[in-house]
Protein chains: 2
Amino acid sequence: MSTAASTTPTERPLRADARRNREKIVSAARQIVGEHGEAAQIDDVARLAGVGVGTVYRHFPNKEALMGELVRMCVVECTAIAEQCASIEDPWDAFAGMVRSSCERMAADAAMRRTWQAADDAAVAYAAPVKAELHDAAELLIRRAHESGELRPDFTVDDMGGLMCGLGAAIDAMPEPDERWRRLVEFALDGLKPH
Amino acid sequence: MSTAASTTPTERPLRADARRNREKIVSAARQIVGEHGEAAQIDDVARLAGVGVGTVYRHFPNKEALMGELVRMCVVECTAIAEQCASIEDPWDAFAGMVRSSCERMAADAAMRRTWQAADDAAVAYAAPVKAELHDAAELLIRRAHESGELRPDFTVDDMGGLMCGLGAAIDAMPEPDERWRRLVEFALDGLKPH
DNA sequence: CGGGAAGCGGAAAGTGAGCTACGGTTCCGG
DNA sequence: CCGGAACCGTAGCTCACTTTCCGCTTCCCG
């Protein structure tokens with residue numbers, strides 16, 4: 001039994017080339033989803049990644065799982081932004097910085113805003129654990145801004161999801177080359193200051 | 001030739017039962033799209049309308065055309081809201097009333113906010129003529145609010161699309177039974193007042 | 001360096017939704 | 001009241017996309 005238990009069934013090292021392919025697949029998926037949104041096809045992802053379709057399905061049991069991984073990556077990036085902004089001294093600048101940087105990221109990377117729309121419930125559930133971290137990181141910034149009196153008290157962490165979804169949709173709805181969306185973000189931030 | 005020209009090829013009266021069926025189809029489509037968004041199926045629409053699939057395709061050449069009709073109806077409703085708010089005396093109340101009423105409509109009717117996402121470019125193009133009317137109606141309210149100095153001057157008609165898209169997405173992202181979305185709308189309106 | 005397993009590729013099966021063909025039915029003009 | 005045409009419902013075709021299957025290749029370890 002002890003010898004049989006030496007292999008860890010929950011986690012295995014993953015071969016070198018397999019690891020490389022996995023990264024290529026995820027990277028390609030990001031680009032394809034950014035271009036085609038929900039209509040993204042596994043076939044296109046495989047072609048862009050330079051691998052066969054079977055390889056995609058070796059790494060992800062189905063399309064849903066691949067989407068879930070993309071969602072997870074987006075959440076991780078957002079968390080990184082939030083934690084990075086935590087080092088800003090002024091509480092309001094820290095909060096506003098998180099919102100601005102996140103929007104900047106969404107505007108620059110179509111996958112960032114389209115992934116949420118393309119993901120179904122199962123994919124979102126897959127990212128639940130990392131989502132908790134994002135929640136905590138955002139809550140910290142919001143509490144600091146509340147305490148300094150620069151953020152209206154009736155705005156809570158639970159409103160962040162709606163806010164960012166709304167800003168993402170607004171950015172998506174505006175002609176890309178123009179950067180008129182920046183103004184809308186500032187309008188929203190002004191609305192979040194104490195009335 | 002004169003006898004052949006007596007029939008108007010561009011427009012025909014439409015039989016009584018056909019008219020009734022067409023209305024049932026559109027009504028059913030609204031509900032199905034509201035429930036399933038982009039994943040709405042013609043089959044379900046036909047079943048809910050109590051007609052066969054063939055009947056749906058008699059009235060609309062393809063799914064795209066049906067979606068286009070839904071988009072058109074949404075735009076017409078929005079225009080009606082805007083024109084209705086034009087009778088409000090106070091310029092700011094008129095503008096804010098348009099935004100609030102539109103959001104109210106989106107919150108109450110899932111089809112109202114999901115239709116935009118489900119519609120592709122062709123469907124949107126189909127609704128272009130009525131969209132111009134909405135543009136004009138919104139522009140009137142915005143100009144009045146600008147002139148009275150109650151709406152920030154750097155907010156223009158071209159920002160309305162992004163604003164409403166954003167608010168729609170935000171409403172969609174929030175748990176339905178709760179009416180927390182109303183607060184977000186007020187935040188946005190506060191942000192649109194002169195800084 | 002060689003045995004063996006993990007990984008890869010692409011053809012093909014499976015699946016489901018959009019769309020069409022056609023025989024029966026319902027409605028309007030005379 | 002009736003002839004003809006517009007209309008309706010069903011059944012199944014088509015086609016695109018996901019998923020699987022299996023022989024071949026590449027990598028790791030002793």
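Just so it is clear, the values below take in all heavy atoms, side chains as well, and ignore hydrogens, waters and symmetry mates. Order of the sequence lines sets the chain letters (A, B, ...), proteins ahead of strands, with each chain counted from 1.
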Between A/Val56 and A/Ile25 the two heavy atoms that sit nearest each other are CA-CD1, 3.9 Å
Residues at least two apart in sequence or cross-chain that pass salt bridge (charged side-chain N to carboxylate O under 4.0 Å, His left out) with A/Glu69, listed by chain then number, are A/Arg22, A/Arg72
| said: Check the phosphate of C/dG7 against A/Asn21, side-chain N and O only, distance under 4.0 Å to OP1 or OP2. Yes or no? | reply: no
Report task. Evaluate the side chain to side chain contact (heavy atoms under 4.5 Å, CB included) criterion for residues A/Phe187 and B/Leu163: first the C-alpha distance (whole Å), next the side-chain angles of each, then the deciding distance (0.1 Å), finally the verdict. Result -> CA-CA 10 Å; A/Phe187 295 171; B/Leu163 174 67; over 6 Å; no
Taking five pairs at each terminus, the helix from C/dC1-D/dG30 to C/dG30-D/dC1 shows an axis bend, to 10°, of 30°
Atom NZ of B/Lys63 and atom P of C/dC19 are separated, to the nearest Å, by 8 Å
Residue pairs passing the salt bridge (charged side-chain N to carboxylate O under 4.0 Å, His left out) test with at least one member in residues 95-118 of chain A, sequence neighbours excluded, are A/Arg30-A/Asp109, A/Glu77-A/Arg105, A/Arg100-A/Glu186, A/Glu104-A/Arg182, A/Arg105-A/Asp109, A/Arg113-A/Asp172, A/Arg113-A/Glu176, A/Arg114-A/Asp172
Looking at side-chain heavy atoms only, is the closest gap between A/Lys131 and A/Val71 below 4.5 Å? no
From CG of A/Leu14 across to P of D/dC27 the rounded distance in Å is 14 Å
Heavy atoms of B/Leu151 and B/Leu192 approach each other most closely as CD1-O, 3.3 Å
With a 4.0 Å cut-off, would you call B/Arg20 and B/Asp17 a salt bridge? no
Here the distance between atom C1' of D/dC7 and atom CZ of B/Arg19, to the nearest Å, is 16 Å
Of the candidates D/dC7, C/dG7, C/dG9, the side chain of A/Ala18 sits closest to C/dG7
Rounded to whole Å, the CG-P distance (A/Asn62 to D/dC17) equals 18 Å
Within residues 25-43 of chain A, the residues having a heavy atom closer than 4.0 Å to DNA chain D are A/Ala40, A/Gln41, A/Ile42
Between the protein and nucleotides 20-27 of chain C, list every N/O to N/O distance that falls short of 3.5 Å.
residue	atom	partner	partner atom	Å
C/dT26	O2	B/Arg15	NH2	3.4

| query | Would you call B/Asp159-A/Arg183 a salt bridge at under 4.0 Å N-O? | reply | yes
A/Trp116 meets the ring pair (Phe, Tyr, Trp, His ring centres under 6.0 Å) criterion, sequence neighbours left out, with none
Problem set entry | side-chain N/O A/His59 vs C/dG7 OP1/OP2, d < 4.0 Å | no
Tightest non-hydrogen contact, residues A/Leu167 and A/Ala188, listed as CD2-CB, 4.2 Å
Looking only at heavy atoms, the pair that brings B/Gly149 and B/Pro194 closest together is O-CG, 3.2 Å
| field | Any B/Thr55 side-chain N or O less than 4.0 Å from OP1/OP2 of D/dG9 | value | yes
When rounded to whole Å, the CE to C1' distance for the pair B/Met67 and C/dG18 reads 15 Å
